[in-house]
Amino acid sequence: MLLYEFRNVIGNPYVHIFGVGMPIMMMVLICRVVGTEITDAAILADTVTAVFLGIGTMIPMATVLIGYGVNRARELEKEIPLRMELFGIRTIVTLCNNALAELIYMLISFVLYFAAGFAVVGVEAPKMSGLVIYMICILVLSAIMFCLAYAISGLLKKFGATYCVTMLLYFGFMVLGGMMGITYDNMPEGLQIAAQMLPITYINRDFHTVWKGESYNYVPMLQSYLLLAAVTGILLFILLKKTARIKHFQR
């Protein structure tokens, strides 16, 4: 089952384009442009590292939010989960295999991304604590993206609608996170308030200090994680209530 789910992941072209190719391309291009404008080596290394860490958040957003979301929507359209249940495969088993397949692909994506970052643009070597905290933040963000994709695909049940919503969220998160040419400081006040509610903003804007082992106030970032998790939880609750109501009427 795990192999089947992993084949589903790698058979989705969106995860290769938006989850591997686009982050590496953007990271290299932006860092090259920055390198032509900054002459101080220390400032350049700091800026390149900040860009590298921020753009890294695109990987879970693409591989999990878009990739898993559209795959599950396609399966729901074809009633594949229902057929698997009829063959005795429990939903929890399918979800665990989904999560493991997404995790394996995401780890491969990060290996390629880190290799490009250190080999091509000269990212600063992290402190061990900074690397561990970064990976924990990425894993927690990935878990939230997985639940969000599950809720969206379950509520919409259509490939086209799910693809549209997840893509809008993907680019919306990128814009608010400051990865599309507009930094947090240059945003209007309303957009800054929205940006403060997203973990992507803090990883893109501040995480290079954590990467270097410097002190950092984690409270605003933690609050943004809790808020995004709460919104995701509400969507999951709505999905569960809707599913229970449908099963009740079917009886």
Side-chain angles (χ1 to χ4, degrees), residues 14-15 17-27 29-31 33-34 47-70 106 109-110 113 133-134 136-153 155-156 161-211 216-236:
Y14 301 108
V15 299
I17 296 170
F18 297 105
V20 181
M22 190 171 176
I24 292 177
M25 182 186 69
M26 284 188 61
M27 180 261 295
L29 287 177
I30 293 174
C31 289
V33 172
V34 168
T47 304
V48 164
T49 302
V51 170
F52 170 81
L53 296 174
I55 292 180
T57 58
M58 292 172 61
I59 295 176
M61 288 193 293
T63 59
V64 181
L65 178 61
I66 298 177
Y68 175 64
V70 297
M106 193 178 69
S109 301
F110 266 104
Y113 183 74
I133 294 172
Y134 180 74
I136 290 173
C137 289
I138 291 295
L139 286 173
V140 174
L141 179 64
S142 302
I144 296 174
M145 292 292 112
F146 183 85
C147 295
L148 183 59
Y150 182 87
I152 292 171
S153 59
L155 289 169
L156 298 177
T162 301
Y163 176 68
C164 178
V165 171
T166 53
M167 282 294 290
L168 287 173
L169 288 174
Y170 174 76
F171 284 108
F173 289 159
M174 286 176 61
V175 170
L176 292 175
M179 291 183 283
M180 297 294 284
I182 305 175
T183 62
Y184 173 83
D185 295 331
N186 294 328
M187 292 180 185
E189 184 177 353
L191 288 182
Q192 285 186 349
I193 294 174
Q196 290 171 4
M197 301 178 184
L198 297 175
I200 296 96
T201 301
Y202 299 97
I203 296 175
N204 183 57
R205 188 186 64 183
D206 304 330
F207 215 88
H208 60 284
T209 59
V210 180
W211 185 259
Y216 178 70
N217 179 16
Y218 292 94
V219 174
M221 181 189 290
L222 179 59
Q223 290 174 337
S224 68
Y225 271 100
L226 292 175
L227 179 61
L228 186 59
V231 172
T232 302
I234 292 171
L235 291 176
L236 285 173

Using side-chain hydrogen bond (donor to acceptor under 3.5 Å, both in side chains) as the criterion, list what pairs up with Q192, not counting sequence neighbours. none
For N186, which residues count as a side-chain hydrogen bond (donor to acceptor under 3.5 Å, both in side chains) partner, sequence neighbours excluded? T183
What I'd like to find out is whether the side chain of [X] reaches to under 4.5 Å of the side chain of [Y], using heavy atoms alone.
| X | Y | value |
| --- | --- | --- |
| S142 | M106 | yes |
| D206 | N217 | no |
| C137 | Y225 | yes |
| M221 | R205 | no |
| L191 | L176 | yes |
| T232 | M145 | no |
| N204 | L53 | no |
| T201 | Q196 | no |

Which atom pairs, donor and acceptor, lie under 3.5 Å between side-chain atoms of residues 54-64 and protein residues at least two apart or in another chain?
unit_1 : atom_1 : unit_2 : atom_2 : d
T57    : OG1    : G54    : O      : 2.6
T63    : OG1    : I59    : O      : 2.7

Closest contact, heavy atoms only, [X] versus [Y]:
| X | Y | result |
| --- | --- | --- |
| I66 | M167 | CD1-SD, 3.3 Å |
| C31 | V51 | SG-CG1, 3.9 Å |
| M187 | G178 | CE-N, 4.0 Å |
| G19 | S109 | O-CB, 4.2 Å |

side-chain contact (heavy atoms from CB on, under 4.5 Å) involving [X] - partner list, sequence neighbours excluded:
| X | value |
| --- | --- |
| Y218 | I133, V210, Y216 |
| L235 | L148, A151, L155 |
| S153 | R72, A73, T162 |
| V34 | I30, I38, L44, T47 |

For [X], give me all partners under ring pair (Phe, Tyr, Trp, His ring centres under 6.0 Å), at least two apart in sequence or on another chain.
| X | value |
| --- | --- |
| F207 | Y134 |
| F173 | none |
| Y150 | none |

First locate atom [atom1] of [X], then atom [atom2] of [Y], and finally report the distance between them rounded to the nearest 0.5 Å.
| X | Y | atom1 | atom2 | answer |
| --- | --- | --- | --- | --- |
| F110 | L139 | CZ | CG | 8.5 Å |
| L228 | C147 | CG | SG | 10.0 Å |
| L198 | L169 | CG | CG | 10.0 Å |
| I200 | S224 | CD1 | OG | 8.0 Å |
| I193 | E189 | CD1 | CD | 5.0 Å |

Test side chain to side chain contact (heavy atoms under 4.5 Å, CB included) on M174 and M22; report intermediate values, then the result. CA-CA 12 Å; M174 286 176 61; M22 190 171 176; 4.2 Å; yes
Mind checking whether F146 and Y68 have parallel, tilted or perpendicular rings, split at 30° and 60°? parallel
Go through the steps to decide whether V20 and V15 satisfy the test side chain to side chain contact (heavy atoms under 4.5 Å, CB included), and finish with yes or no. CA-CA 7 Å; V20 181; V15 299; over 6 Å; no
